Amino acid sequence: MKILIVDDSKAMRMIVMRTLRQAGFGDHEFIEAGNGSEGLQKVKSENPGLVLSDWNMPVMSGIEFLRALRAEGNQTKFGFVTSEGTQETRDLALGEGALFLVTKPFTPESFQEAIGAHVS
Amino acid sequence: MEIDPSLKAWLDALTAATDELATTTLGFEGCQIDELLPQVPYPPPTAGAYLAMVGNDQTLQLAIVSDMQGCRLLSGALLGMVGDEDGLAESDIADAMGEIINIVAGGVKTRMAGSDKGFKLGLPMFIDGHVEPVKETEQAAHRVTLGSIRAYLLTLRQKRMV
């Protein structure tokens, strides 16, 4: 499965990929985008099985990215990996169609718990 | 000079969130508080990451500042490059330090959710050089030690007009 990692920080994309490998998801193919707008294009061109997106990003935020996807009828599995961990944010994310929200700082275990059920 | 208790609460949340990141991600034993300061220290730290938190009735700047070598070491700790930090470009350090303050600010927002639910996180920025707060700025800082790195955690807020 292709997993699309969307974050404006190159450092964080690298850390997410490293943690995914540590969590046992290293057999999957990782692709990257630097904001929601780039993510939208990558979803269309690469057809990933799962999107992991940051929340606060320039150009297009994570929640705008998710809304844009769903508005186009795209139901790609989508989860947030973000420093935004309030209940309000979590409720908004799930209400808009995200499957989970992993809060930074995260561990391999938190990835296994959140992602495991959604990755074939 | 006294520190407003409400600003001290933000500083304590910043320190707690930094301690969590230090322990879970950076590989340090924690964030040791060495000193509480009522203002940004002088001579000022020369490099660091800043992020604005914008609320309904106040805006704060949160910062983790050190010198360039301290930022290099913190970035190496985040990126799992301890011992290889010299290979980091300044752009890598800016990116990593921005992510550090972003993660920490998220922890601050969660910890302070009871005081104002409307807070929004800005985008982080890295400054190689010191910031001089204007006199209308309330300040509070912790001088801290993270592993072998000496740094400052800063909270800055515009004084409320009566």
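This one's a predicted model, so the numbers in the text were calculated from it and none came from an experiment. Order of the sequence lines fixes the chain letters, A, B, ..., with proteins taken first and strands second; residue numbering starts at 1 for each chain.
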_Selection from A:Pro58, A:Pro105, A:Gly85 maximising heavy-atom pairs under 4.5 Å formed with chain B_ = A:Pro105
*Specify which of A:Met14, A:Met57, A:Glu84, A:Gln87 makes the most heavy-atom pairs with chain B at under 4.5 Å.*
A:Glu84
*Based on non-hydrogen pairs under 4.5 Å, which of B:Thr25, B:Leu21, B:Leu121, B:Val104 is most in contact with chain A?*
B:Leu121
_Please classify the contact of B:Thr24 with chain A as side chain, backbone, both or neither, using a heavy-atom distance under 4.5 Å._
side chain
*A:Ser9, part contacting chain B, at a heavy-atom distance under 4.5 Å*: both
*Answer with side chain, backbone, both or neither: which region of B:Leu123 has an atom nearer than 4.5 Å to a non-hydrogen atom of chain A?*
side chain
*Would A:Phe65 and A:Trp55 count as a close aromatic pair, with their ring centres under 6.0 Å?*
no
_A:Glu113 atom CD: more than 12 heavy-atom contacts under 6.0 Å_ = no
*Are there more than 12 heavy atoms of other residues, nucleotides or ligands under 6.0 Å from atom NZ of B:Lys120?*
no
*In terms of side-chain heavy atoms, does A:Thr89 have a donor or acceptor partner in A:Thr86 at a distance below 3.5 Å?*
yes
*If every non-hydrogen atom of B:Ile101 is compared with every non-hydrogen atom of B:Pro124, which pair is closest and at what distance?*
CG2-CB, 3.6 Å
